[in-house]
Amino acid sequence: MSDTAIEFSGVSKHFGSNVALDAVDLVVPRGSIFGFIGPNGAGKTTAIRLLFGLLKADQGLVSVLGNQLPAGLPKVAGTQIGGIIEEPQFYPFLSGRQNLKAFAAGISTRPDYDGLLARVGLTEAADRKVKGYSLGMRQRLGIARALLGDPQILILDEPTNGLDPEGIISFREMIEHMTQHEGRTVFVSSHLLAELEQVCTQVAIVNHGKVLASGTVAELIGTTSQVVVHAGIGQAVALENAGARQVKQQADGSYLISLDDTSEQTLINFNKHLIHNGIPVSQLHVNTRNLEESFLQIIAGSES
Amino acid sequence: MMRLLASDLQKIRRRRGLFWGSGIVCTLTALVGLAIRLLEHNNAPWSVHNVWGFFSNMSLVVLICTVIAGSILGSWDQARGTQRYLLMGGATRSKLLVAHALAVIVYSLLLSLWVLFILGIIAISFPGSGGFEVSDSLRGISISIISSGVFGLLAFSIGTFFAEVGIAVAASIVMIFAAGLIQALLVFLSTQLSWLKGAEHGMITDAMDNLQRNARTTSSAVVVVVWLVVCLGLAWLRVSRRDY
């Protein structure tokens, strides 16, 4: 069995003169939680629509569990791959349970509707009409719909839209459970980068239809040469004399500096040097970046 | 396919306005129409033939309800974004289209049968004498039912081209009635322009009228089939090529 759940190979898609995807190469390992991030209009939803055969690629190959799309779509749609794309849409005049039955009409298996509704916390609202559901409830019903065919791959486009903080936490726990205990692969696109950073094993950053970077979250955040020094006021020149570059004073009075590297030994030596020269250091630590900062830096780099 | 059809029928049944609304409208129209006839005929004894004949008049109401249902079924999933989730669930575009079209036919048939049932009860309640020609009545009823189904399917095809359900319903009703106006215009123009002579026979409204009157049956049936094939073919092209 292949270790690859999803593969894009040189995939391009144009809408008129607008390039939505430009020779995209992407490999999503089986069993991973793969974050797909990018600004609005970056091409995320286009890539996801290709995975469901809702669009046809102009060039390149898209495959799901080794089945090339769209030819292999009948083998995977519903039973191997399920998901949410943009806002979850339902029949407002049907109840939550009736909606699940309506969308399961094309699936060969008979889903456990009660089990799915219980899983997303909608048991009590199961027989209420969806037109009375909040956005958060519809998102949860959307996840239940995505699981109708018990798919191995779950594609979630902005799944936390409309969820309250408690809902976001339970959503995070749910997708972690799906990958760790059920062996599913989750491909998730979201603007909540802090959430993705906590939950994703791999991430790809996309902009203007191109994949700018991909890898583990740690790889994307990468190492930084920036160090934060708390050393009192008016020490910029002294820090430069100690070998610091690009010295900037921050709003809290600390200094953000660059060193040649941020290894433990370099920091010890630098600290010794400052103390030896009478600079009162109260704190000195590597300026750790988060996914959001890395994302903004990569996007800014692609725009310049 | 059967599950998709059952699901579509369930969606029609759960739309209260459409399901109960059309049933109530048809029932009330039948009762009011027959009451007016009763008054017009000065309480004369009913003829069964009159009651069944009244179904032809009633069929316009059934036809309008079917046109509304057809255009809703044709446009809803595309306009409201549910089509992509049906496709993501494993249903193919052609199966969805066929299931929707069959649902329109079943709805039209059930509504016609309901009206016949109401009229049947009235006929039994007011037994008349003579004048009932089974073959003529059955033919008229059959053509009325087929007419509703045909126009429902045309409205369904029209509906697939609209991204807004309300506009699809309005456009379907307008286009179905516009067909009658175009037919009248063609008849008028053919008196002025000889090369237009007989052009009105190509209109589906004229073909259905002819079938109702048992005239030009073969050519009229061909015209109806051609209209259906072209319109459903265009709907299939629209649905199969559209991005969701």
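In what follows, every heavy atom counts, from backbone to side chain, and hydrogens, waters and symmetry copies are set aside. If you're wondering where the values come from, they're calculated on a predicted model, not measured in any experiment. Below, chain A is the first sequence line, B the second, and so on; all start at residue 1.
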Proximal component of B:Asp77, with respect to chain A [non-hydrogen, under 4.5 Å]: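 It is the side chain, since no backbone atom gets that close.
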Who among [options] has the most heavy-atom pairs with chain B under 4.5 Å?
{"options": "A:Leu51, A:Ile81, A:Leu54", "result": "A:Leu54"}
{"options": "A:Ala105, A:Gly82, A:Ala104", "result": "A:Ala105"}
{"options": "A:Glu87, A:Lys101, A:Arg110, A:Lys129", "result": "A:Arg110"}

Without hydrogens or angle criteria, can the side chains of [X] and [Y] be said to hold a donor-acceptor pair below 3.5 Å?
{"X": "A:Gln89", "Y": "A:Arg138", "result": "no"}
{"X": "B:Thr27", "Y": "B:Trp114", "result": "yes"}
{"X": "B:Lys11", "Y": "A:Tyr91", "result": "yes"}
{"X": "B:Gln83", "Y": "B:Gln78", "result": "no"}

Which portion of [X] sits near chain B, non-hydrogen atoms under 4.5 angstrom:
{"X": "A:Phe90", "value": "backbone"}
{"X": "A:Ile155", "value": "neither"}
{"X": "A:Leu148", "value": "neither"}

For chain A, the option from B:Lys95, B:Gln10, B:Arg80, B:Arg15 that forms the most heavy-atom pairs under 4.5 Å: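 Option with the top pair count is B:Arg15.
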If you count heavy-atom pairs under 4.5 Å between each of B:Gly81, B:Ala6, B:Gly89 and chain A, which one has the most?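 When all of B:Gly81, B:Ala6, B:Gly89 are compared, B:Gly89 has the most.
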Between A:Thr185 and A:Phe34, is the side chain to side chain contact (heavy atoms under 4.5 Å, CB included) condition met? List the steps. CA-CA 8 Å; A:Thr185 306; A:Phe34 195 97; 5.8 Å; no
Looking at A:Arg119 and A:Glu182, does any basic side-chain N land under 4.0 Å from a carboxylate oxygen?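 Salt bridge flag = yes for A:Glu182 with A:Arg119.
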Evaluation steps, side chain to side chain contact (heavy atoms under 4.5 Å, CB included), between B:Ile68 and B:Thr66: CA-CA 5 Å; B:Ile68 292 170; B:Thr66 310; over 6 Å; no
